[in-house]
Amino acid sequence: MNLEETIISNIKDAFKKVFDHELTEDISLQPTRKEFEGTYTFVVFPFLRVTRKSPEESGAAIGDYLKENCDVVKDFNTVKGFLNLILTDNAFIDNINDIISNENFGTLPQKDERFCIEYSSPNTNKPLHLGHLRNNFLGYSTANILKANGYSVDKVQIINDRGIHICKSMVAYLKFGEGETPQSAGIKGDHLVGNYYVAFDKAYKQEIAALVADGMDEEEAKKKAPILLEAQEMLKQWEAGDKETVDLWKKMNGWVYEGFEQTYDRMGVDFDKYYYESETYLLGKDLVNEGLEKGVFYKKDDGSVWADLNEEKLDEKLLLRSDGTAVYMTQDLGTADQRYKDLNFDKSIYVVGNEQDYHFTVLFTLLKKLGKPFADGLYHLSYGMVDLPTGKMKSREGTVVDADDLMSEMVDTAREHTEELGKIDGFDDEQAKELYDTLGLGALKYFLLKVDPKKRMLFDPKESIEFQGHTGPFIQYTHARISAILRKADQLGIEYQKNISGSLEISDTEKDLIYLISEYHNKLKLAAEELSPAVIANYAYDLAKEYNRFYAELSILGEDDKDLRTFRVALSAQIARVINLSMGLLGITVPERM
RNA sequence: GGCCCCGUAGUUCAAUGGAUAGAAUAGGAGUUUCCUAAACUCUAGAUACAGGUUCGAUUCCUGUCGGGGCCA
């Protein structure tokens with residue numbers, strides 16, 4: 001039982017003994033605000049009906065009981081209905097000792113629950129951009145958080161590798177490509193294919209303009225432009241399995257996948273299983289038939305199939321066109337079913353932008369109506385868009401921030417910054433390069449993960465990514481500082497990995513630090529409940545900030561009292577450990593030196 | 001038009017219904033014979049508006065205004 005649980009249990013006893021009342025509801029403690037003395041605060045307002053006394057008297061009665069009966073409570077004060085508990089120094093020492101000796105600290109007991117998490121899920125007609133970075137970092141980090149909570153996790157992505165968009169790139173490549181390859185052009189495959197997608201759009205627009213100039217109505221021109229007709233024809237060829245078309249499709253997608261792999265590698269994300277739409281786009285029709293048989297879907301006179309979701313206030317939804325072709329929803333129904341068969345998950349999380357809120361609400365509702373056993377375990381991790389100062393990113397307007405470019409810029413900035421500060425003494429070239437990667441990507445990941453996923457956020461290319469203040473590098477710097485201390489402590493032969501002994505007088509800042517470390521598991525649980533890496537990101541910042549204050553306030557290696565010196569080194573080591581754990585959950589590495 | 005999300009310092013972000021709304025950044029003032037100043041300390045500055053529920057509302061409810069998204 002940890003400190004908080006001990007106190008809660010004693011508070012329950014207090015209610016029993018002092019007020020003769022058995023508390024059935026869960027009670028929780030809050031951290032005491034800085035301006036008051038104490039570590040934990042118990043809010044008594046909600047229990048006044050039980051105590052039948054004033055807030056102050058109620059708090060004092062419980063405080064008296066705890067002071068008398070609870071070993072860890074040294075004293076208390078009450079302000080209005082807030083009971084602030086002051087703990088004994090030993091309580092803190094015991095607490096830090098528990099953590100030092102706990103090899104599994106940072107990992108919660110294994111649970112018998114299996115998660116599937118889908119993220120990234122790109123199209124193969126263009127490279128990854130800033131929005132994908134938020135998506136990937138969120139998905140990857142959330143998977144880490146779930147694993148640390150003791151769940152089994154399968155990371156999957158579904159690649160949108162078919163359809164009219166890829167045919168557009170293919171048509172443009174045939175027209176303008178002249179046999180170019182990523183090797184011959186010297187650019188990544190995903191970028192190369194993306195260029196042809198852009199080339200298609202350009203040619204398409206020119207053709208529309210020409211047709212309109214000849215007197216055609218614009219709407220009609222958009223449908224009749226020859227290059228578009230070619231792309232549509234190519235899609236038919238592809239669906240018919242035409243060898244030449246399929247070969248070209250495989251070749252170009254192969255280039256894209258190579259490019260993507262490089263990007264994922266640099267991002268530091270990975271997947272356990274890949275799904276391809278070309279293999280799943282026909283799934284789902286069986287489910288539609290199943291729905292018809294069960295009477296939850298219906299057929300219109302023209303043969304199209306619909307679901308009536310008016311009861312759920314969601315309108316009517318098309319599931320099969322009159323010609324029998326599927327829509328996205330059909331496919332997603334089939335994919336969900338398939339994935340359940342493959343992975344046997346209890347919970348399945350889709351990391352997809354909030355512009356698709358409606359789509360997923362409908363999807364989950366349909367699966368429930370079909371009586372699928374897994375439907376209740378589906379969850380849409382709906383994250384907000386990343387806005388630029390100019391507004392939303394639009395590929396047509398060239399306002400997309402490319403993922404590869406951005407990562408490179410971040411690493412360059414890290415290098416410039418580090419050189420300016422003259423901090424590369426003693427680094428060889430390879431180490432320096434590694435450090436720039438660590439810092440540049442750390443800054444980027446932290447920036448994108450520190451914000452509540454649900455909220456839209458602003459990315460200002462010029463000002464957003466800083467290396468000072470509430471940033472990844474600030475936390476990384478704290479870790480580097482501690483590492484330096486530990487290196488010296490090793491030289492001095494200080495044994496800081498052992499439990500602390502002796503009676504020590506510890507400062508408020510040190511108590512705050514121990515309190516923060518002891519909160520780690522709570523934060524880990526909270527982050528999993530809310531599927532929010534931001535919880536961890538902000539926690540890591542609080543911890544680093546508090547440590548830097550401690551570092552400035554007190555001398556660690558220079559402390560004369562040997563026991564106190566060992567304690568401070570040991571505390572530092574545990575802070576470094578928790579920083580490492582937290583940042584690891586975010587997919588951010590922390591350097592030993594910087 | 002219908003539905004959904006969001007409005008917090010100049011700016012970017014915090015705050016399970018709890019105390020005097022926290023940080024960062026930009027602004028002002030300081031700290032280096034001492035463990036890494038990518039740091040620390042001090043200072044000034046915000047809940048869009050109007051009601052309601054509550055002992056207590058940034059948080060919950062209603063309306064208004066503003067921003068974004070989805071469906072046609």
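Throughout, protein chains are lettered first and strands after them, A, B, ... in sequence-line order, and every chain is numbered starting at 1.
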Aromatic-base stack, F36(A) on A19(B), cutoff 5.5 Å, angle under 30
yes
Under 4.0 Å between a side-chain N or O of R456(A) and OP1 or OP2 of C6(B)?
no
The side chain of K545(A) lies closest to which of these nucleotides: A14(B), A24(B), C55(B)?
A24(B)
With a centroid cutoff of 5.5 Å and a plane-angle limit of 30°, would you call F82(A) stacked on A19(B)?
yes
Round to the nearest Å and state the distance from I556(A) atom CD1 to C40(B) atom P.
14 Å
At 4.0 Å (heavy atoms only), tell me whether N538(A) reaches a base, stays on the sugar-phosphate, or touches nothing.
nothing
Could you tell me how far apart M457(A) (CE) and C6(B) (P) are, to the nearest whole angstrom?
17 Å
Atom pair distance, as rounded to whole Å: CG in L318(A) and P in C71(B)
14 Å
Atom C1', compared across U62(B) and G28(B): separation rounded to whole Å
44 Å
Can you check whether any acceptor in the base of A19(B) is under 3.5 Å from a donor in the side chain of N84(A), or vice versa?
yes
Is the backbone N or O of D428(A) less than 3.5 Å from a side-chain atom of Q431(A), with the two atoms forming a donor-acceptor pair by type?
yes
Return whichever of A414(A) or K454(A) has its heavy-atom-nearest nucleotide of RNA chain B closer to the 5' end.
K454(A)
P atom, U12(B) versus U64(B): distance in rounded Å?
27 Å
With a non-hydrogen cut-off below 4.0 angstrom, is R549(A) in contact with a base, only sugar-phosphate, or nothing?
sugar-phosphate
Taking Y383(A)'s backbone N and O only, do any of them form a donor-acceptor pair with R456(A)'s side chain (distance below 3.5 Å, no angle check)?
no
For nucleotides U58(B) and U8(B), find the distance between their C1' atoms and express it as a whole number of Å.
7 Å
For atom C1', what is the distance between C42(B) and G68(B), given to the nearest Å?
40 Å
Hey, does Y358(A) reach any base, or is it just sugar-phosphate, or nothing, if we go heavy atoms under 4.0 Å?
sugar-phosphate
Listed nucleotide nearest any side-chain atom of R593(A), set C40(B), C70(B), U36(B)
U36(B)
May I ask you to say what H359(A) touches in the nucleic acid, namely base, sugar-phosphate or nothing, with a heavy-atom cut-off under 4.0 Å?
nothing
For A414(A) versus G440(A), what's the shortest heavy-atom pair and its separation?
CB-N, 3.7 Å
Is the charged tip of R52(A) near the ring of F19(A): under 6.0 Å from the six-membered ring centre and within 45° of its axis?
no
Intra- and interstrand pairs of RNA chain B - dot-bracket, Watson-Crick/G-U under 3.5 Å, | marks other strand:
(((((((..((((....[...)))).(((((.......)))))....(((((..]....)))))))))))).
Go through the steps to decide whether Y541(A) and H470(A) satisfy the test ring-ring contact (aromatic ring centres under 6.0 Å, His included), and finish with yes or no.
CA-CA 7 Å; Y541(A) 173 69; H470(A) 188 177; 4.0 Å; yes
From the candidates U20(B), U36(B), C13(B), the one with an atom nearest any side-chain atom of K488(A) is U36(B)
Report yes if a donor N or O on one partner sits less than 3.5 Å from an acceptor N or O on the other, where the partners are the side chain of T41(A) and the base of A19(B); otherwise report no.
yes
By nearest-nucleotide position on RNA chain B, the 5'-leaning member of L83(A) and T478(A) is L83(A)
